[in-house]
Protein chains: 2
Amino acid sequence: MRLSKRGEYGLRAMIALAEPAENSDTPQMMQIKEISLREQISTKFLEQILLTLKNAGLLHSKMGVGGGYYLARSAKEITLGQIFRVLDGPVAPIKCVSQMSYEPCGCPDEDTCGLRMVMGDVRNAIADILDNTSLADVTKRQNAVRKKLGKK
Amino acid sequence: MRLSKRGEYGLRAMIALAEPAENSDTPQMMQIKEISLREQISTKFLEQILLTLKNAGLLHSKMGVGGGYYLARSAKEITLGQIFRVLDGPVAPIKCVSQMSYEPCGCPDEDTCGLRMVMGDVRNAIADILDNTSLADVTKRQNAVRKKLGKK
DNA sequence: TTAAAAGTATACTATACCAATAGACTTTAT
DNA sequence: ATAAAGTCTATTGGTATAGTATACTTTTAA
């Protein structure tokens, strides 16, 4: 049940982009370098990832001097599920329970397949979290912990 | 969030081994061929998988004519989580929230990392299902559906 | 006692995917 | 015009997946 590095870096970057915007409604623009430095991610690799996210409509960008990336929508309207699916594909552990890319799995009878039932539960549990957690929820939670620990 | 073919086949095989034993307390023995035929799994590949499961202590076997594999413990006492971990490793989507094989993930500060918090939730949701579902639970559920649908 | 059934054990292979790197190209502000 | 920034395509090295092949050992029934 693994999150790939692409997924991890992409999620981290999106959270970073959501963070400063926290108290303003104007989208915060950040440069690739800025993010890669702060999150310790290979710049070139991050380039690809942000591009993918942009092509998927989750990010906008501005070219040229003083450019950068910014969220395509407000942090409340972007869920981790959306980001995850763009970078790592379906949430389902097995294709026969996938909503976005169903495929039969070769068991004798899908209707009575116990593995399928359980994996369906797992898929729903994961999707429940990822689809109901927005970037804003994440930054909110981070701040709560920071406050509690008296950090930064 | 993927279950590998090894994991899928292994779980399927274990469920198959749990099934006939349902109403008896004596462990049901099945041969590799029998299982591979019924579940449409490459015999040679399944061989490896069952061997792994055996070395992990979840299966026992009997060699020679009339031999086969059977569950090492009763179906109630084997959970899907145990099987999964043997074949596919940790349940956690990211190492920094893994119980069985923790590793830091390189974010600036683990305590306040939002991604880590959410992935921790995901890990717990998955583990909750997998560790609280036994092979007996699965076969029970299968039978309930069979009955309801009037199948076989 | 020996042949066949069955599991055990290693090694190998082809393919795909992942993570990262490289380099050339395009757009934009100054 | 030039430098800063994103865009695009290709390539690389490594690892994981999903098997296949082959030789070996143990057990049992004829």
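Proteins get letters first, then strands, A, B, ... in listed order; numbering begins at 1 in each.
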Within a strict 4.5 Å, meaning less than it, do heavy atoms of the Leu46(B) and Lys33(B) side chains meet?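 In short, these two side chains do not touch, never coming nearer than 4.5 Å.
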
Quick one: [X] [atom1] to [N] [atom2], roughly how many Å, whole number?
X	N	atom1	atom2	value
Ile32(A)	dT7(D)	CD1	P	7 Å
Leu51(A)	dA24(C)	CG	P	19 Å
Ile35(B)	dA6(C)	CD1	P	13 Å
Arg2(A)	dC18(C)	CZ	P	13 Å
Lys33(B)	dA5(C)	NZ	C1'	10 Å
Leu46(A)	dT7(D)	CG	P	12 Å
Met29(B)	dA5(C)	CE	P	16 Å
Ile41(A)	dC18(C)	CD1	P	17 Å

State which residues pass salt bridge (Lys or Arg N to Asp or Glu O under 4.0 Å) with Arg141(A); sequence neighbours excluded, sorted by chain then number.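 Once residues adjacent in sequence are excluded, the partners of Arg141(A) under the salt bridge (Lys or Arg N to Asp or Glu O under 4.0 Å) criterion are Asp121(B).
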
If you compare every side-chain N and O of [X] against the phosphate oxygens of [N] (OP1, OP2), does one of them come in below 4.0 Å?
X	N	result
Tyr70(A)	dG6(D)	no
Lys54(B)	dG7(C)	no
Ser4(A)	dA19(C)	yes
Ser61(A)	dA5(D)	no

Salt bridge check: are [X] and [Y] linked by an N-O gap of less than 4.0 Å?
X	Y	answer
Asp131(B)	Arg85(B)	yes
Lys54(B)	Glu47(B)	no
Glu34(A)	Arg38(A)	no

For Asp137(A) and Leu80(A): C-alpha separation, side-chain torsions, deciding distance, then whether side chain to side chain contact (heavy atoms under 4.5 Å, CB included) applies. CA-CA 10 Å; Asp137(A) 293 328; Leu80(A) 300 192; over 6 Å; no

From the set dA6(C), dA5(D), dT8(C), return the single nucleotide nearest to any side-chain atom of Gln31(A).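 So the side chain of Gln31(A) is nearest to dA5(D).
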
Side-chain donor-acceptor distances from residues 89-101 of chain A under 3.5 Å, at least two apart:
residue, atom, partner, partner atom, Å
Ser98(A), OG, Met100(A), N, 3.4
Ser98(A), OG, Ser101(A), N, 2.9

Can you name the atoms? Protein N/O to nucleotides 27-30 of chain D N/O, anything below 3.5 Å, with the distance.
residue, atom, partner, partner atom, Å
dT28(D), OP1, Lys62(B), NZ, 3.2

Would you please name every residue forming a ring pair (Phe, Tyr, Trp, His ring centres under 6.0 Å) with Phe45(A), sequence neighbours left out?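 If we apply the ring pair (Phe, Tyr, Trp, His ring centres under 6.0 Å) test to Phe45(A), skipping adjacent residues, the hits are Tyr9(A).
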
Using a cutoff of under 3.5 Å, can you pull out all pairs of nitrogen or oxygen atoms linking the protein to nucleotides 19-23 of chain D, with atom names and distances?
residue, atom, partner, partner atom, Å
dG19(D), OP2, Tyr9(B), OH, 3.2
dT20(D), OP2, Ser42(B), OG, 3.2
dT20(D), O4, Gln48(B), NE2, 2.5
dT22(D), O4, Lys44(B), NZ, 2.6

Please work out if Leu50(B) contacts a base, only the sugar-phosphate, or nothing of the nucleic acid, heavy-atom cut-off 4.0 Å.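 Nothing, no heavy atom under 4.0 Å.
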
Pair listing, ring pair (Phe, Tyr, Trp, His ring centres under 6.0 Å) test, anchored in residues 119-142 of chain A, at least two apart: none

